[in-house]
Engineer: 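Mind having a look at this structure? Questions to follow.
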Amino acid sequence: MASNNGFDTDNGNGGELHQHVPEKGRHDDADAHLTTNQGIRVSDNQNQLKAGTRGPVLLEDFVLREKIFHFDHERIPERIVHARGSAAHGYFESYEDLSDLTRADLFSEKGKRTPVFTRFSTVAGGAGSVDTPRDVRGFAVKFYTQAGNWDLVGNNIPVFFIQDAIKFPDLVHSVKMEADRGYPQAASAHDTFWDFISLMPESTHMIMWAMSDRTIPRSLRTIEGFGVHTFRMVNAKGKSTFVKFHWKPRQGLQSTIWDEAVKIAGADPDFHRRDLFEAIDSGDFPEWELGIQAFDQKFADSLPFDVLDPTKIIPEEVLPVRMIGRMVLDRWPDNFFAETEQVAYCPANIVPGIDFTNDPLLQGRLFSYLDTQLKRLGSTNFHQIPVNAARCPVINFQRDGHMQMLQPKGRANYEPNSLAEAGEAGGPRECPMTGFSSFPGRAEQYEQGDKLRIRPESFADHYSQARLFFRSLAVPEQAHLASALVFELSKVGLAHVRTRMLANLVNVDPDLAGRVGSGLNMPVPKASPVAAPVRDLDPSPALRIVDGPRAPESIKGRAIGILVADGSDAGTVASVRKLVKDAGAKPVIIAPRVGGAKLSDGSLLVADGQLAGTPSVMVDAVAIILSEAGCKALLKEAAAIQFVMDAFGHLKAIGHTPEAQALLDKAGVIADSGVVALDKGFVTAASRRYWEREPTLRMLA
Ligand code: HDE
């Protein structure tokens, strides 16, 4: 079907988009000619036009001027938050016909596929910052539905720092690098962030999540995603149901250990981007299930908090998540800038069948994203950029503007018009039946009143769910959370801020406050005043990573480091590689020299990584396959000792040949159930971390 937006689309699901942009592949053509942007063939791309061999450059060199002019303007403003991100294409597949809940076309039948573009991001750091700071991860999905684009712009944490959009600039200013000194980059561990947080009790629940292992994920493939706000689904009869959206990773929920995350930042600043790229490139497509918690007003009224308050969750044990589809990411973008950088998500992009609620944070976001795109992309026509363009007909009377790519025909650029009566094209008309119409709301939600700047009483409980979160975690996770608070607050130079934060923590859990106080070597003050009594809620095991319902069950999708050196037994190497591959994991050969190691049978095994540049933090478990001589040589190599020491310290499984024992001893490895022989048992051992090892290795708070 041709539309008047300049794109040719078909009306099939996920129709191909053909836009008037240079054809893909043109640049790959071996006999293609280099041209200027005006299409003039370039005869020399090595030398400027000069007056004489050693003379001055001539102003008339339009080839040079155009090239440098374009280069000078290659950068666009990076996102003020979520600047660092990685994205991929894929599809969403609906599990069932959900028309009882929503008229959104993507949920209209079982098996229906809708193309998506999904971008993951950190929040605080700039576009060039590292992938593994302690930070919330953005999880933004653009569904190119047949009824227009729906953007579900969420995070990997189901709550947020603030309840009202008016505080967002303050929050972001406080966490970004400090205004006078310009540091730290991509880190919340500094004065201004904790100063702000300690003055904002409503942030406490989010802080529990932010200090938990959720913010140091192992991979973007192993994070959950949440829509955060309460949304609505609206069916064809106009009936509204409240929904909370969840993404659950098929790869299981997995995190790193803080010391590991810090070391990864140095070893591979692009750790998450590379991991996502390599998974897709190797055909191991990352997958998430989309789930909803659906409920009505009566259920909302029965909860001990307000569903419009974005600092609250509905525990899965109270209202189970119903899985309604799955998302598979199966294609890396062709061009990072054109797609990942220029993609413009907006929570206001919704389709018939989905609607907003009055959540005051969501309402502020509805304004912000469109506004920011104008700054970033420079034109109101950013929706025409291929990655942003809807894959259904886009027809309206909007015209002109910077970088207009379309050439609408005829005079009809206003409505109503009667041009059709004169035989001219009159343009599109509104569609009262099939068009988007806002849910009218019910009196109790849209209560009319005086104009007020006020927080509702129902938003006043800032601590009960923070307590719920902390008390729901597994014991090692609680220790990590307490230690993360000690680490962060130890970087805070303002003693009164630390004290104020401790006073807030007493409300969460006196034991937690005591542990953090002791880690700081500071007395725990009296609890800070609370606006509403703190309640003890039933723990929610679904909040755990360790031993939680979404812990990974096997080594599928994991990276297993295999350390070899000259003389390593060829048979053992082959059998371990096979075991790992057969289990759906990725073997990574690591050797002292990248050109490879000469194995026992004389063959040369080329390495995937050189030992000094591929520390064990890059993999999930290690197999140390060394001969006696190979081991002896590595006893003098700090990178080898550190490799084993870190694998042990990061609680990973270590499989080894008996000849490698001396290296394990030098690295301080004490045999436990995670230190195993290299038989089949290694694959089982490599599917988990050995939390029980941790208290013997690290003084946690
Ligand atoms: Fe965002 N947020 N945000 N945010 N946000 C942006 O939009 C904003 C909030 C989220 O991969 C910006 O295009 C306000 C919550 C993600 O491109 C900006 C408020 C959640 C992304 C913006 C919030 C998010 C953004 C910056 C408080 C989770 C990255 C660049 C009212 C539910 C999307 C841009 C991508 C990006 C504003 C709060 C998620 C400035 C004003 C809550 C995943 O418009």
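What you see is a predicted model, and the numbers here were worked out from it, not measured in a lab. When a ligand or atom number is given, it counts from 1 through the structure's own listing order.
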Engineer: What residue pairs, at least two apart or across chains, pass salt bridge (Lys or Arg N to Asp or Glu O under 4.0 Å) with a residue in residues 134-143?
Structural biologist: Lys142-Asp151
Engineer: Among protein heavy atoms, which sits nearest to atom 13 (O) of ligand 1, and what does the distance come to when rounded to 0.1 Å?
Structural biologist: Gln373 NE2, 2.8 Å
Engineer: Any ion pair linking Lys167 and Asp164 (charged N to carboxylate O, less than 4.0 Å)?
Structural biologist: no
Engineer: If you measure from atom 30 (C) of ligand 1 to every heavy atom of Lys375, Lys167, Arg79, Glu78, which option wins on shortest distance?
Structural biologist: Arg79
Engineer: Please step through salt bridge (charged side-chain N to carboxylate O under 4.0 Å, His left out) for the pair Arg84 and Asp270, ending with a clear verdict.
Structural biologist: CA-CA 10 Å; Arg84 168 92 190 163; Asp270 309 298; 2.8 Å; yes
Engineer: Mind checking whether Trp150 and Phe143 have parallel, tilted or perpendicular rings, split at 30° and 60°?
Structural biologist: parallel
Engineer: Flag the pair Trp288 / Phe120 as yes when their ring centroid distance falls below 6.0 Å, and as no otherwise.
Structural biologist: yes
Engineer: With the threshold set at 4.0 Å, does a side-chain nitrogen-carboxylate oxygen contact exist between Lys312 and Asp306?
Structural biologist: no
Engineer: Is ligand 1 under 4.0 Å from a heavy atom in the side chain of Phe226, in the backbone, in both, or in neither?
Structural biologist: neither
Engineer: Show me the donor-acceptor pairs within less than 3.5 Å that the side chains of residues 176-183 make with the rest of the protein, sequence neighbours left out.
Structural biologist:
residue: Lys176; atom: NZ; partner: Ile80; partner atom: O; Å: 2.8
residue: Lys176; atom: NZ; partner: Ala124; partner atom: O; Å: 3.2
residue: Glu178; atom: OE2; partner: His190; partner atom: ND1; Å: 2.8
residue: Glu178; atom: OE2; partner: Asp191; partner atom: N; Å: 3.3
residue: Glu178; atom: OE2; partner: Thr192; partner atom: N; Å: 3.2

Engineer: Going by the closest heavy atom to atom 33 (C) of ligand 1, which one wins out of Phe117, Phe139, Tyr345, Phe367?
Structural biologist: Tyr345
Engineer: Determine the interplanar angle of the Phe139 and Trp247 rings, folded into 0 to 90°, and report it as parallel if under 30°, tilted if 30 to 60°, perpendicular if over 60°.
Structural biologist: parallel
Engineer: Is the closest N or O pair between Arg376 and ligand 1 shorter than 3.5 Å?
Structural biologist: no
Engineer: What residue pairs, at least two apart or across chains, pass side chain to side chain donor-acceptor pair (under 3.5 Å) with a residue in residues 313-323?
Structural biologist: Glu96-Arg322, Lys248-Glu316, Glu316-Arg550, Glu317-Ser540
Engineer: Numbering the atoms of ligand 1 from 1, which are under 4.0 Å from a heavy atom of Thr372?
Structural biologist: 7 (O), 13 (O), 30 (C), 34 (C), 40 (C), 44 (O)
Engineer: For ligand 1 and Arg119, I'd like to know whether there is a polar contact (N/O to N/O, distance under 3.5 Å).
Structural biologist: yes
Engineer: Under 3.5 Å between any N/O of His229 and any N/O of ligand 1: does that happen in this structure?
Structural biologist: no
Engineer: Search all heavy atoms of Gly148 against all heavy atoms of Thr145 and return the closest pair with its distance.
Structural biologist: O-OG1, 2.6 Å
Engineer: Do any N or O atoms from the side chain of Asp131 and from the backbone of Arg273 form a donor-acceptor pair under 3.5 angstrom?
Structural biologist: yes
Engineer: Under 4.0 Å from a heavy atom of Ala165: give me the atoms of ligand 1 that qualify, with their elements.
Structural biologist: 31 (C)
Engineer: Which residue owns the protein heavy atom closest to atom 28 (C) of ligand 1, what's the atom, and how far is it?
Structural biologist: Asn155 ND2, 3.2 Å
Engineer: Please determine if Asp275 and Arg218 form a salt bridge, counting it only when a charged side-chain N lies under 4.0 Å from a carboxylate O.
Structural biologist: yes
Engineer: Starting from atom 40 (C) of ligand 1, which protein heavy atom do you reach first, and at what distance in Å?
Structural biologist: Ile80 CG2, 3.5 Å
Engineer: Compute the minimum heavy-atom distance from Gly154 to ligand 1 and say whether it is under 4.0 Å.
Structural biologist: yes
Engineer: Under 2.8 Å from atom 1 (Fe) of ligand 1, how many protein N/O/S atoms can be counted?
Structural biologist: 1
Engineer: Under 4.0 Å from ligand 1, counting heavy atoms only, is it the side chain of Leu361, its backbone, both or neither?
Structural biologist: both
